[in-house]
Protein chains: 2
Amino acid sequence: MTEPTDRKVIDLKGLKVACQECSLRDLCLPVGMSVQDIDRLDHIIRRKRPLHRGDYLYREGDELHSLYAVRSGSVKSFSVSEEGEEQVLGFHLPGELVGLDAIHDSTHHCSTIALETTSVCEIPFDALEELAQEIPGLQHQLFRLMSRELQNDEHFMMVLGKKSSEEKLSNFLVSLSQRFSSRGFSGTEFMLSMSRNDIANYLGLAVETISRLFTRFQNNGLIEVDRKFITIRDLEGLRRLAGPQCGGHMGAHRG
Amino acid sequence: MTEPTDRKVIDLKGLKVACQECSLRDLCLPVGMSVQDIDRLDHIIRRKRPLHRGDYLYREGDELHSLYAVRSGSVKSFSVSEEGEEQVLGFHLPGELVGLDAIHDSTHHCSTIALETTSVCEIPFDALEELAQEIPGLQHQLFRLMSRELQNDEHFMMVLGKKSSEEKLSNFLVSLSQRFSSRGFSGTEFMLSMSRNDIANYLGLAVETISRLFTRFQNNGLIEVDRKFITIRDLEGLRRLAGPQCGGHMGAHRG
DNA sequence: CGCTGCTTTGAACAACTTCAACTTCTGTGG
DNA sequence: CCACAGAAGTTGAAGTTGTTCAAAGCAGCG
């Protein structure tokens, strides 16, 4: 499981950054762990070569081998119903862990693909579990991360069930803005790596509705839309539209 | 934390059953643990006196002290928005664990109340975490339970986002039926412990819609409704209405 | 008995979807 | 480098589903 040699090789290629030096350290698994413990974690993690747009991280039905932490880029999780209809479950940005929902029965119930060029850290689950057994801080952080996912889901369930289309989309945008900010990117200018279709699917709306909302938001001076590039002109206004408790970090589910 | 004396006293009152003898053993925390380990778990669990309808297990904003396993009866989790609007997050039957979403920041973000006379096992989280550090099987089962919640949420998100009102309600009923069955109760005749309002709120619909659907389902010979008592007359028909992959055990979220 | 709260039912209304047509973008091959 | 085909996005008009509002029916309970 541990591959120090391999890691060094990848390091030379510029793909590898140890957890210790990773800018996502404070958002990811290592939170609350000692330097020594992070080093142990580091040794089970495999840095993979970057994925291209459309590459699968894993597919629905696959056995669970590893969890994945997004390092750069973004991924989308979705499942496909028997009739072939896709359901988008979430979008994941750097520092977010995907695959947690597969632990239950060691099987992935959704697929995850890269939305753009994306690099991830692969974390073999068996090794992670063993390590968590030895490192209390790691066990705790795993519990915390899973619990946070549950909280996110709660918030999202409320958005899906109780909000109008306007509120849904503004919630989505505010959430993206916040997540970009906390990762050191601009919270007011960013690129949507997903299609309108994906957004619509995710929010339980029709593509046409999303399109109309984008134009409406733009006309109201809330945002500026240029294809996939979004500029937020009035974050406070968006927040107001999103309704109260819109703090909930939405858009990240499952993987 | 461990209160053997107290436990014996409660035992005499007929409230206490050790995990070992509990009929919910195979649905709850002890899954996959050895007899000895279950005994250790048993020692940190506090059996509380029964709650009455409307009693709070914990409130939104409370600090996390314990997780709770429903032993009998049922509870409802919900949060209240700033405008005072309630959002029902889930209903929990015996054998289900509530409070997991509070681990993230040691704070409950929803309230949980008893829908009827209900007894629960209180599991102090600190002690549980310590024990999980020593008992690999317990750590694993905790990961599994949290992961299952994530999977449930996924399924529910799909129901909320993509399904019609008919599909939502039939999904709900099928899920209840399954959960009652696997707990040894009748899967075709049961009492709804929650109000129409709660169901509507949970499914993101209006009360009136739920009411109309109940009458429609009854007219179509799918179910028989007598106040809170439901008799399922055509489970297969309901399943068909619920759409594919309706297996997902729905209705249990958050707590 | 007469509240009070929950449920049911009807009718009008609104929000969002669907359908259809058109535009813009993207990328591929000549 | 341009042309073209297919995908993605936008826009308008009509159609549905579910909501809202209003009112009446019913069970439980002091």
Side-chain angles (χ1 to χ4, degrees), chain A residues 52-54 76 78 83 85-88 91 113 115-117 159-173 191-220 223-230 241-243, chain B residues 52-54 76 78 83 85-88 113 115-117 159-173 191-220 223-230 241 243:
Chain A
H52 299 113
R53 177 182 165 75
K76 156 182 112 171
F78 63 97
E83 293 110 341
E85 203 201 355
E86 181 173 319
Q87 161 73 35
V88 174
F91 306 106
I113 68 172
L115 288 168
E116 58 192 311
T117 303
V159 171
L160 275 184
K162 295 267 177 305
K163 302 284 192 176
S164 69
S165 60
E166 265 196 353
E167 294 172 311
K168 284 178 178 179
L169 186 60
S170 43
N171 250 292
F172 178 71
L173 291 173
M191 206 198 77
L192 299 174
S193 56
M194 69 294 287
S195 68
R196 304 279 195 271
N197 218 312
D198 285 339
I199 300 176
N201 187 313
Y202 177 62
L203 295 176
L205 297 169
V207 205
E208 293 92 330
T209 305
I210 298 295
S211 188
R212 281 183 251 269
L213 286 172
F214 270 134
T215 18
R216 192 191 306 171
F217 283 5
Q218 176 152 294
N219 293 338
N220 295 351
I223 61 177
E224 212 161 285
V225 186
D226 173 21
R227 203 89 196 113
K228 302 235 165 201
F229 293 90
I230 301 289
L241 251 194
Chain B
H52 299 113
R53 177 180 165 75
K76 154 181 111 170
F78 63 98
E83 294 108 339
E85 204 202 354
E86 181 173 320
Q87 161 72 35
V88 174
I113 68 171
L115 288 168
E116 59 193 310
T117 302
V159 170
L160 275 185
K162 294 268 177 304
K163 303 284 192 175
S164 68
S165 61
E166 265 196 352
E167 294 172 312
K168 284 179 178 177
L169 186 61
S170 42
N171 250 291
F172 178 71
L173 290 173
M191 206 198 78
L192 298 174
S193 56
M194 69 294 289
S195 69
R196 303 280 194 272
N197 218 314
D198 285 339
I199 300 175
N201 186 313
Y202 176 62
L203 295 176
L205 297 168
V207 205
E208 293 92 330
T209 306
I210 298 295
S211 188
R212 281 183 252 269
L213 285 173
F214 270 133
T215 20
R216 192 192 305 171
F217 283 5
Q218 175 152 296
N219 292 339
N220 295 350
I223 61 176
E224 213 159 284
V225 186
D226 174 20
R227 204 99 193 102
K228 301 238 165 198
F229 291 91
I230 302 288
L241 251 195

Query raised in the report: For every nucleotide of nucleotides 19-30 of chain D, 5' to 3': is a protein heavy atom under 4.0 Å from its base (B), only from its sugar-phosphate (S), or from neither (-)?
Result: BBB-----S---

Report summary line: Scanning both residues in full, the closest heavy-atom pair of A/V88 with A/Y202 reads O-CD1, 3.6 Å

Query raised in the report: Once you build an axis from the first five pairs and another from the last five of the helix from C/dC1-D/dG30 to C/dG30-D/dC1, how far apart in angle are they, to 10 degrees?
Result: 30°

Report task. Please name the pair of heavy atoms, one in A/G204 and one in A/L160, separated by the smallest distance, quoted to 0.1 Å. Result -> N-CD2, 4.3 Å

**Report entry** Between P of C/dT24 and CG of A/D226, the distance in whole Å
**Finding:** 14 Å

Query raised in the report: Which atom pair, heavy atoms only, marks the closest approach of B/T209 to B/S165?
Result: CG2-CB, 3.9 Å

Query raised in the report: Rounded to whole angstrom units, what separation is found between the NZ atom of A/K163 and the P atom of C/dA15?
Result: 16 Å

Query raised in the report: Can you tell me how far C1' of C/dT9 sits from CG of B/L213, to the nearest Å?
Result: 14 Å

Query raised in the report: In whole Å, what is the span from the CG atom of A/N201 to the C1' atom of C/dT17?
Result: 15 Å

Requested in this report: May I ask you to say what A/S211 touches in the nucleic acid, namely base, sugar-phosphate or nothing, with a heavy-atom cut-off under 4.0 Å?
Outcome: base

Query raised in the report: Between C/dG5 atom C1' and B/N197 atom CG, what is the distance in whole Å?
Result: 11 Å

Requested in this report: Using atom CZ of B/R216 as one end and atom P of C/dG10 as the other, report the distance to the nearest whole Å.
Outcome: 13 Å

Requested in this report: For C/dC6, take OP1 and OP2 only and decide whether either is under 4.0 Å from a side-chain N or O of B/K228.
Outcome: no

**Report entry** Distance, rounded to the nearest Å, where B/I210 contributes CD1 and C/dT7 contributes C1'
**Finding:** 12 Å

Report summary line: Note: B/M194 and B/L115 closest approach over all heavy atoms is CB-CD1, 4.1 Å

Query raised in the report: Quick check: does any side chain N or O of A/K162 sit under 3.5 Å from a backbone N or O of B/N201, one acting as donor and the other as acceptor?
Result: yes

Query raised in the report: Looking only at heavy atoms, which two atoms of B/E166 and B/F217 are closest? And how far apart?
Result: O-CZ, 3.7 Å

Query raised in the report: At their closest point, which heavy atom of B/M191 faces which heavy atom of B/E116, and how far apart are they?
Result: CE-OE1, 4.4 Å

Query raised in the report: Below 4.0 angstrom, N of the basic side chain to O of the carboxylate: do B/K76 and B/E86 qualify?
Result: yes

Query raised in the report: Any side-chain heavy atom of A/F91 sitting closer than 4.5 Å to one from A/S193?
Result: no

Requested in this report: Starting at atom CZ of B/R196, determine the distance to atom C1' of C/dT8, rounded to an integer number of angstrom.
Outcome: 9 Å

